[in-house]
Protein chains: 2
Amino acid sequence: MAESPDIDILARGELFRGVPVEVLRELHAASFRRKFPAGETVFQQEDAVTTFYIVVVGRLRVTQTTLDGQQIIIRYLGPGDVVGYAALTGAPAHPGAVTAVDDCHLIGMPAPMLRDIMSRNSRIAMNAVALMGERYQDLQLRLRELATEKVERRIAHTLLRLSQQAGRRTARGIEIAFPLSRQDLAEMTGTTLHTVSRTLSGWEARGLVDSGRRRVIIAKPEALAEVAEEV
Amino acid sequence: MAESPDIDILARGELFRGVPVEVLRELHAASFRRKFPAGETVFQQEDAVTTFYIVVVGRLRVTQTTLDGQQIIIRYLGPGDVVGYAALTGAPAHPGAVTAVDDCHLIGMPAPMLRDIMSRNSRIAMNAVALMGERYQDLQLRLRELATEKVERRIAHTLLRLSQQAGRRTARGIEIAFPLSRQDLAEMTGTTLHTVSRTLSGWEARGLVDSGRRRVIIAKPEALAEVAEEV
DNA sequence: CACCGTCTTTGCGCCAACGCAATTAACCAG
DNA sequence: CTGGTTAATTGCGTTGGCGCAAAGACGGTG
């Protein structure tokens, strides 16, 4: 089915799995490629929903900001992920902002076009429901962690989850394969960069992790998992 | 379109909005009514997904429990709401438990039947995507609150939100129209019943609320909103 | 290579919220 | 009306994590 590399990418993503080739061709015809260098913003919170993207390469960060400037990281996106789920649900505005943390390649297409094709192809719509369900469950889990666990466990859980979705085996352990600062971890776990720094320092001393400037390597994943689970 | 009260109820719910009558008839033919007295469980966390419900009357609580027995309340459901969204997404097991807090009437139908009809009616699938998107946004908001706000503000926000979805005007203010204990509020805001109790006592003294055993009346909604927003 | 901005570390004081415990209040069943 | 059960209140001691501040490390840039 290798008529075009982009069609292959679409076909492999969760959203367009099992969709007939002619529909993929139609999608592809309306799509374009776009690069976002590290640090660039794909869209801001409250922006009108105009375009829909799928990640080809790179990592992006989804954030939400309060009126008084406090920010939290909702999730990270990687290859194959949907960027801007509001285009799926039909919401008029983006509930969060998306920023490239790496150099990224995205496939984009106009949001109304996607909605139209989706309404004529229930397979895509069914995939979209499943996708939203998974994301919903992720948030449920994080909400529970935030509500019931102490900071150290939350950070441990977060690192383990990141290693699942963006871990790279290295000689020194599993490396989180994108720039990740103390501040970022703080915004993911509902704490401050100071507490994150202290926590990592402690783990570093015990040989659990090996971290540096915007870089975290999990040296002993099993030991970290123990920290995450201990009562 | 009043051929049957149940068809009317379905047609008014978010999920089946705009769906042709003959499809509603098909759904109705496969559906049944079921009562759940207050306190009864509709399904447990991890239960297999077999049945799908829509609330007709009553309130239900969706909870998630950790291995070590800690519980949080994900949300409350009321008339028109979907019970067990896993039946929509196709997940094999329920990610949370649902319990009636009132005496409830639900309309139920087999989950595979719903999935089948949905896959043949993209309008239902599109509605489902929109519905999941709304729920996702709700969780995003709560996550942000939990991560960035102090307890008092979280409780205030939670009460205001509950008054939106289940508030009843009374002489003394807006009453949350279902039994709601301090423990319940604690499980919604990620704190302890003690802290909730102290907070409500404080508000009570200032005349903001008027609460009692499993009962909360918001006497001054504007003043409570101020508490929720103040820095 | 030296500079500068960004990120990280660490010390210290403080306070919001927790945890425990004991008392009181409300509701229900018989 | 009474006894029993469940919910709510409140006092008290403790502490995890915050907030502030200052110093140190890293890495990119001219």
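Every chain is numbered from 1, with letters handed out A, B, ... down the list of sequences. Nothing here was measured: the structure is a model prediction, and the numbers come from that model. All values below come from the heavy atoms of this structure, side chains included, with hydrogens, waters and symmetry mates left out.
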Nucleotides 28-30 of chain D: which of its N/O atoms have a protein N/O under 3.5 Å away?
none

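Following rounding to the nearest Å, A:Glu204 (CD) and C:dC7 (C1') show an atom-to-atom distance of 15 Å. With rounding to whole Å, A:Glu152 atom CD is found 8 Å from D:dG17 atom P. As rounded to whole Å, 12 Å separates atom C1' of D:dT6 from atom CG of B:Leu193. The distance between atom CD1 of A:Ile155 and atom P of D:dG17, rounded to the nearest whole Å, is 9 Å. With rounding to whole Å, A:Glu149 atom CD is found 16 Å from D:dG17 atom C1'. A straight line from CD of B:Gln183 to P of D:dT9 spans 13 Å, rounded to a whole angstrom. Rounded to a whole Å, the CG atom of B:Leu200 is 7 Å from the P atom of D:dT9. Whole-Å rounding puts the B:Leu146 CG to C:dA16 C1' distance at 15 Å.
The side chain of B:Arg182 places an N or O atom within less than 4.0 Å of a non-bridging phosphate oxygen (OP1 or OP2) of D:dT9. Under 4.0 angstrom from either OP1 or OP2 of D:dT9 there lies at least one side-chain N or O belonging to B:Ser197. For D:dT6, the OP1/OP2 oxygens have no side-chain nitrogen or oxygen of B:Ser181 closer than 4.0 Å. Dashed line: the shortest gap from a side-chain N or O of A:Ser201 to OP1 or OP2 of C:dT10 is under 4.0 Å. Listed pair A:Thr195 / D:dC18 meets the phosphate criterion, a side-chain N or O lying under 4.0 Å from OP1 or OP2.
B:Arg182 has its side chain within reach of B:Ser211: a pair of non-hydrogen atoms, C-beta onward, lies under 4.5 Å apart. Looking only at side-chain heavy atoms (C-beta outward), B:Leu88 and B:Phe52 come within less than 4.5 Å of each other. The shortest distance between side-chain heavy atoms of B:Lys35 and B:Cys104 does not fall below 4.5 Å. Inter-residue side-chain proximity for A:Val227 and A:Glu152 is flagged as met; some heavy-atom pair is nearer than 4.5 Å. Looking only at side-chain heavy atoms (C-beta outward), B:Asp81 and B:Ile54 stay at 4.5 Å or farther from each other.
The side chain of B:Lys150 approaches C:dA17 more closely than any other nucleotide in the set C:dT8, D:dG17, C:dA17.
Salt bridge present: B:Glu175 and B:Arg168 bring a charged side-chain N and a carboxylate O closer than 4.0 Å. Between B:Arg161 and B:Asp138 there is no salt bridge, since no side-chain N of the basic residue sits under 4.0 Å from a carboxylate O of the acidic one.
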Where protein sits on nucleotides 21-30 of chain C, one letter per nucleotide: B base, S sugar-phosphate only, - none, heavy atoms under 4.0 Å: B---BBS---
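Using the six-membered ring where Trp is involved, B:His94 and B:Phe43 have ring planes that are parallel, under 30° apart on the 30 and 60° scheme.
Surrounding CZ of B:Arg33 are more than 12 heavy atoms belonging to other residues, nucleotides or ligands, all under 6.0 Å away.
Heavy atoms of A:Arg198 sit under 4.0 angstrom from at least one base atom.
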side-chain hydrogen bond (donor to acceptor under 3.5 Å, both in side chains) evaluation trace for B:Asp68 with B:Thr66: CA-CA 5 Å; B:Asp68 53 312; B:Thr66 49; 3.1 Å; yes
